[in-house]
Amino acid sequence: MTNTMEKAKTQVFNNFIDGKWVKSETGRTFASLNPANQDEVIGQFPLSNANDTKKAVDAAHKAFQEWKRTPAPERAELILKAAALLEDRKEELARNMVREMGKVIKEARGDVQEAIDMAKYAAGEGRRLLGMTVPSELRNKFAMAVRAPIGVIGVITPWNFPVAIPSWKILPALVAGNTVVFKPASETPYVALQFVEILAEAGLPPGVVNFITGSGREVGTPLIEDPRVGCISVTGSSETGRKIAGRCGELMKRITCELGGKNAICVMEDADLDLAVDGALWGAFGTAGQRCTATSRVIIHEKVYKEFAERFVERAKKLRIGDGLDPQNDVGPVVNKDQLKSINEYVEIGKNEGAKLLFGGRILTDGALAKGCFHEPTVFGDVKANMRIAQEEIFGPVTALIPVKNFEEAIEVANGTQYGLSLSMYTRDVNRAFKAIEDLESGIVYINAPTIGAEIQLPFGGVKQTGNGHREAGTTAIEQFTEWKTVYVDYSGHLQKAQIDKYEGQ
Ligand code: UN1
């Protein structure tokens with residue numbers, strides 16, 4: 001079949017603005033491809049422009065007036081409905097996710113489950129949205145602070161968790177009374193669209209969630225620039241995040257960034273090595289290493305380095321690579337050819353820096369794999385802490401084993417990157433475990449568990465170049481999407497002066 005014929009039978013999808021599926025003004029589209037078989041076109045999606053974006057913001061801005069007045073428990077009912085619909089359609093969404101971004105089916109189900117968890121949790125927030133009351137220094141005066149929604153939230157998401165990450169942002173934003181313009185990654189518009197379909201089916205009024213596909217330049221930039229958008233929430237590369245944050249700084253616009261990581265597992269000489277090997281394998285090669293929390297470094301005490309490295313490589317060799325829809329496969333493709341190339345360039349960088357390639361390193365082109373973007377799980381040994389492969393985010397199935405002399409050096413190496421998302425310590429010594437909790441410089445710390453696998457009811461995010469001080473998920477998700485409004489009610493019937501009456505007399 002020729003490409004033109006493929007394209008002809010491919011479904012063309014639309015944007016979702018003001019409760020309707022609408023074409024982009026441009027009439028231009030882009031294709032979403034299956035990374036396991038690049039001949040398979042998932043669909044064509046609008047290459048929208050600034051005018052389409054403006055219409056989406058118009059709709060969100062208009063809808064905000066009524067949505068913010070809808071009682072939060074009532075807003076939450078709709079989110080709970082979405083949770084039920086996500087549960088009903090979990091398998092369908094998961095399968096489409098595998099086809100669109102490659103992660104293996106079990107993990108794709110986990111991705112959808114994370115959104116279900118978030119929907120239930122966010123719905124619960126509808127009956128909390130806790131504010132504060134404190135005593136006033138004066139009689140007959142009441143003091144409190146309540147949460148107010150910000151307005152229109154611009155949501156910009158990556159492809160690696162195409163349902164979970166949008167849910168972390170959109171659902172708390174909605175329950176807090178905001179409306180949303182959602183721009184998904186151009187690698188995963190289809191599952192993002194299905195997520196939006198579910199929200200619409202749950203009964204969100206028109207304009208409360210708007211969905212628009214296209215490039216960063218033609219959709220992302222106008223979204224950021226629009227003065228009616230009060231907050232941008234972005235997960236992506238540090239480079240993109242820094243640019244957006246810079247511009248939002250100038251515009252005095254709230255910006256929450258969730259960016260890169262260079263996460264590490266530390267394995268001490270007293271660790272349970274079986275457990276550590278299991279954890280490192282899952283952390284490094286789960287989602288083909290395409291998580292911002294992926295274990296791209298394993299820092300190992302020299303006394304157990306050799307044994308760990310041998311066992312780890314043995315296990316890495318056994319991983320089955322292939323289409324994620326086959327439940328026998330452990331590792332799927334990476335998202336596209338560009339990523340594949342960039343990951344493989346890091347293999348060359350590692351070799352040139354003098355790291356020892358213990359296993360992997362190749363782009364796989366045998367048989368059916370040739371049509372996809374498959375990279376071998378790759379293990380480098382004898383890596384030095386300052387090498388590029390130990391410092392830069394690779395975002396692929398490549399991990400660096402770094403030998404260290406002791407616990408203190410392990411902590412120093414773990415902390416020695418520009419990032420600070422997720423760090424882990426494997427030890428059986430409770431004192432060391434608590435010392436690690438105290439000294440590891442990251443937003444998330446694990447003890448005896450890998451760097452991936454965060455749960456939605458706790459804050460998620462990182463320090464240093466990983467973020468800008470905000471946290472997603474947990475109760476902190478609400479912090480991102482609300483303003484504090486401090487309220488004083490004076491029921492004394494006469495003028496009372498704070499800081500003065502109490503000291504000067506009446
Ligand atoms: C990400 O990689 O961007 O903790 C998110 C984890 C998942 C979320 C990862 N729950 O690995």
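Remember, it's 1-based here, ligands and their atoms both numbered in the order they're listed.
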Engineer: Could Arg291 and Glu107 be called an ion pair, given the rule that one side-chain N must be under 4.0 Å from one carboxylate O?
Structural biologist: yes

Engineer: Between the side chains of Arg89 and Glu201, is the shortest nitrogen-to-carboxylate-oxygen separation below 4.0 Å, so that they form an ion pair?
Structural biologist: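 A salt bridge links Glu201 with Arg89.
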
Engineer: May I ask you to say whether Lys384 pairs ionically with Glu353, meaning some side-chain N is under 4.0 Å from a carboxylate O?
Structural biologist: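 Looking at Glu353 together with Lys384, the answer is no, because their closest N to O distance does not fall below 4.0 Å.
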
Engineer: Name the closest protein heavy atom to atom 6 (C) of ligand 1, giving the residue it belongs to and the distance to 0.1 Å.
Structural biologist: Gly453 N, 3.2 Å

Engineer: For Ile165, take its heavy atoms, then give the atoms of ligand 1 lying under 4.0 Å from any of them.
Structural biologist: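 Near Ile165, the atoms of ligand 1 are 3 (O).
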
Engineer: Look at atom 4 (O) of ligand 1 and say which protein heavy atom is nearest, naming residue and atom and giving the distance to 0.1 Å.
Structural biologist: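 I find the closest protein heavy atom is Ala454 N, 2.7 Å.
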
Engineer: Carefully, step by step, assess Lys351 and Phe380 under the rule side-chain contact (heavy atoms from CB on, under 4.5 Å).
Structural biologist: CA-CA 9 Å; Lys351 286 192 217 159; Phe380 276 106; 4.2 Å; yes

Engineer: Considering only heavy atoms, which of Cys292, Gly261, Gly260 lies nearest to atom 1 (C) of ligand 1?
Structural biologist: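 It is Cys292 that holds the nearest heavy atom.
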
Engineer: Which residue and non-hydrogen atom of the protein lie closest to atom 9 (C) of ligand 1, and at what distance in Å?
Structural biologist: Phe161 CE1, 3.6 Å

Engineer: Checking Ser424 against Thr451: is there a side-chain donor and acceptor pair closer than 3.5 Å?
Structural biologist: no

Engineer: Just need the protein heavy atom nearest to atom 7 (C) of ligand 1, so name the residue and atom and give the distance.
Structural biologist: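 Protein heavy atom with the smallest distance to atom 7 (C) of ligand 1: Arg291 NH1, 3.6 Å.
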
Engineer: Does even one non-hydrogen atom of Ile456 get within less than 4.0 Å of ligand 1?
Structural biologist: no

Engineer: Has ligand 1 got any nitrogen or oxygen that is less than 3.5 angstrom from a nitrogen or oxygen of Gln290?
Structural biologist: no

Engineer: Look at Lys317 together with Glu314 and state whether they make a salt bridge at an N to O cut-off of under 4.0 Å.
Structural biologist: yes

Engineer: I need the contact type for Asn160 against ligand 1. Using non-hydrogen atoms and a strict under-4.0 Å cut-off, is it side chain, backbone, both or neither?
Structural biologist: side chain

Engineer: Can you check whether Thr399's main-chain N or O pairs, donor with acceptor, with Ser296's side chain at less than 3.5 Å?
Structural biologist: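 Between the backbone of Thr399 and the side chain of Ser296 there is no qualifying donor-acceptor contact (under 3.5 Å).
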
Engineer: On a heavy-atom basis, I'd like to know which of Tyr446, Phe395, Trp168 is closest to atom 5 (C) of ligand 1.
Structural biologist: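 The residue whose heavy atom sits nearest atom 5 (C) of ligand 1 is Trp168.
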
Engineer: Which word best sums up how the rings of Phe45 and Tyr190 line up, parallel for under 30°, tilted for 30 to 60°, or perpendicular for over 60°?
Structural biologist: tilted

Engineer: Considering only heavy atoms, does Thr235 approach ligand 1 within less than 4.0 Å through its side chain, its backbone, both, or neither?
Structural biologist: neither

Engineer: Side chain, backbone, both or neither: which part of Glu258 comes within less than 4.0 Å of ligand 1 when only heavy atoms are counted?
Structural biologist: neither

